[in-house]
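Okay, structure first, notes after.
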There are 2 protein chains.
Amino acid sequence: MHIRKLAIGPSPAPSGGVIVPLEIPEVVIDRLPTYYRLLSRLQEEGSTVVSSQELGQALNVTPAQIRKDLSYFGRFGKQGRGYSVERLTEELRLILGLTRRWRMVLVGAGHLGRAIASYRGFEPQGFDIVAAYDIYPDESGELLGIPVRDVANLEADLAADPVDIGIVAVPAGQAQAVVDRLVRVGVSAILNYAPIAAQVPPHIEVRQIDPVLALQGMTYHLQHRALSATAPTATTAPTAPVATPAPAPVTP
Amino acid sequence: MHIRKLAIGPSPAPSGGVIVPLEIPEVVIDRLPTYYRLLSRLQEEGSTVVSSQELGQALNVTPAQIRKDLSYFGRFGKQGRGYSVERLTEELRLILGLTRRWRMVLVGAGHLGRAIASYRGFEPQGFDIVAAYDIYPDESGELLGIPVRDVANLEADLAADPVDIGIVAVPAGQAQAVVDRLVRVGVSAILNYAPIAAQVPPHIEVRQIDPVLALQGMTYHLQHRALSATAPTATTAPTAPVATPAPAPVTP
DNA sequence: TAGATTGTTAATCGATTAACAATC
DNA sequence: TAGATTGTTAATCGATTAACAATC
């Protein structure tokens, strides 16, 4: 069901002048931003070279995986030395499309939307929220410097002045409708903060931001760790251990 | 490098009273919260039964995967009918450890920390932020009903009154030190909003929340989609297509 | 040069999926 | 009963890793 690889990537080893489109696994692409983030920091800190070993240690990834991932895009290292921090940072900027700025609209200017609008992390990385939309736009018509307009204007505004990415921050009940409207009006990617699995056509990118899902993935482990700690032996454990209430798992 | 499976899971088919610890892949566990979220909504909407087919359609996952995932934990469905929404919701609550509330502390009460503190999505799902910490606690000593204390008190407070989960919302430069302190004082899980790959001992859970990483995974695709749309044929594409500046990818 | 580290291949490991008997 | 759908097996597919020749 997942689309795993895409065939529109560049050639890893351009030979003979003909581009060989190579399938680049989606998991690889999703790791590149973490590589880029670390390299940016290393560059700021003044490092000039770094090995896959060092990168791997800092990112909890095997050195082999880092080398393999990078090899999909080219040969950026030097045997015996490692990678130039400056060079590799720049290559990743190019690969990830971070040499331009990206325009985003925010739909939903309630509690969550306001928190997103106030987030300081987007702008320095090249992402601009150019407008926000709500069913009940504040009469001020403005939110931290971003114009807030009635969502009824969404289609007309974006037709006149397109954006690349839509951010969805409306309640679950309205989220799919908002996604549909954003897609119809031409955004190519959606950052979804609403607690739904958004349905989109094949070539629209979607990423979900949901801290509750992340927490629930962790509580599974916390509970089961606690259970296994209290179960004296495997044979005396209850038949349906999942159903057993867990004691508090934390003690200093 | 990734720990893939864990052996502390329950038996999938308890036979003969002896628990057979089965390895449950981490990817499976990370899908369960999305199943739970959908089922909760179906229950609210009054559905009584649902098939793996219907669940799969709503979640963009194959029905086979849903059945396989659930089969790690037991046999919850009825052939010819599907799953009882009520039953399956409850089973997932038990599996994920959501029958109790989880205590969290928030470290960092700046812009980001305040946005996290104001997020309305934690409490209804059983997650409570019981205290916040900052180097410069506001003289009010309070933030939306949550006590804000000097981070110097972190160790003493948590020793007296342990929590399960630490939320990290400090600048990158201080984040690893905060993670270390939280781990030392006994939290079992960390929700990391800081832009670093946190280093933790083996049995501490970490999840990263970073919308910029999500965006950068999408811009890769947006850029390359635009590139392949403009490249007339494969053979005339540039030798290093990754380095070619991309035109604006969106047009309605 | 000797030492180190890349890029890449091949082997291993793990996850997904198709298919179907069991059964409601 | 006939129809539908689960639970599970086996096959397929894909990702990770170890290992090493190439080479800086």
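As a basis for the values below, the full set of heavy atoms in this structure was taken, side chains included, without hydrogen atoms, waters or symmetry mates. Just so it is clear, the structure is predicted and the values come from calculations on it, not from any experiment.
- Looking at the side chain of Gln79(A), the nearest of the listed nucleotides dA22(D), dT23(C), dA15(D) is dA22(D).
- Here the P atom of nucleotide dT9(C) and the OH atom of Tyr72(A) are 11 Å apart, to the nearest Å.
- Distances shown here put a side-chain N or O of Gln65(A) below 4.0 Å from the OP1 or OP2 atom of dT16(D).
- Contact annotation: Arg67(B) reaches the phosphate of dT6(D) (side-chain N/O to OP1 or OP2, under 4.0 Å).
- For Pro25(A), whose side chain is taken as the heavy atoms from C-beta onward, the closest listed nucleotide among dC24(C), dA15(D), dT6(C) is dA15(D).
- Ranking dA22(C), dT9(C), dT9(D) by closeness to the Lys68(A) side chain, first place goes to dT9(C).
- Taking atom CZ of Arg75(A) as the reference point, atom P of dT8(C) lies 6 Å away to the nearest angstrom.
- Between Tyr83(A) and dG7(C) there is a side-chain N or O to OP1 or OP2 distance below 4.0 Å.
- The residue among Asp69(A) and Lys78(A) whose nearest nucleotide of DNA chain D lies closer to the 5′ end is Asp69(A).
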**Complete:** Intra- and inter-strand pairing of DNA chain C, written as dot-bracket with Watson-Crick and G-U pairs under 3.5 Å and | for the latter, reads ..||||||||||||||||||||||
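- Looking only at side-chain heavy atoms (C-beta outward), Gln57(A) and Gln199(B) stay at 4.5 Å or farther from each other.
- Counting to the nearest Å, the C1' atom of dT8(D) and the CZ atom of Phe73(B) are 16 Å from each other.
- Side-chain N/O atoms of Ser52(B) include one lying less than 4.0 angstrom from OP1 or OP2 on dT6(D).
- Shown here are the ring pair (Phe, Tyr, Trp, His ring centres under 6.0 Å) partners of Tyr36(B), two or more places apart in sequence or in another chain: there are none.
- Between Gly217(B) and Asp30(A) the shortest heavy-atom distance is CA-OD1, 4.1 Å.
- When Leu59(B), Thr89(B), Leu88(B), Leu55(B) are each tested for a side chain to side chain contact (heavy atoms under 4.5 Å, CB included) with Tyr35(B), only one passes: Leu59(B).
- Listed by first and then second residue, the side-chain hydrogen bond (donor to acceptor under 3.5 Å, both in side chains) pairs involving residues 78-87 of chain B are Arg87(B)-Glu91(B) (not counting sequence neighbours).
- Distances shorter than 4.0 Å separate some side-chain N or O of Thr62(A) from OP1 or OP2 on dT17(D).
- Relative to the side chain of Ser71(B), the nucleotides dG7(D), dT16(C), dT17(C) differ in distance, and dG7(D) lies closest.
- Phosphate proximity of dT16(D) to Arg31(A): present, with a side-chain N or O under 4.0 Å from OP1 or OP2.
- Atoms CD1 (Ile66(A)) and P (dT17(D)) sit 11 Å apart, rounded to a whole Å.
- Between the side chains of Thr99(B) and Arg93(B), no donor N or O sits under 3.5 Å from an acceptor N or O.
- Atom CG of Leu88(B) is separated from atom P of dG7(D) by 9 Å (rounded to the nearest Å).
- Nearer the 5' end of DNA chain C, as judged by each residue's closest nucleotide, is the contact made by Val50(A), out of Val50(A) and Ala64(B).
- Atoms CG and CG, from Leu215(B) and Leu191(A) in turn, are 5.0 Å apart once rounded to the nearest 0.5 Å.
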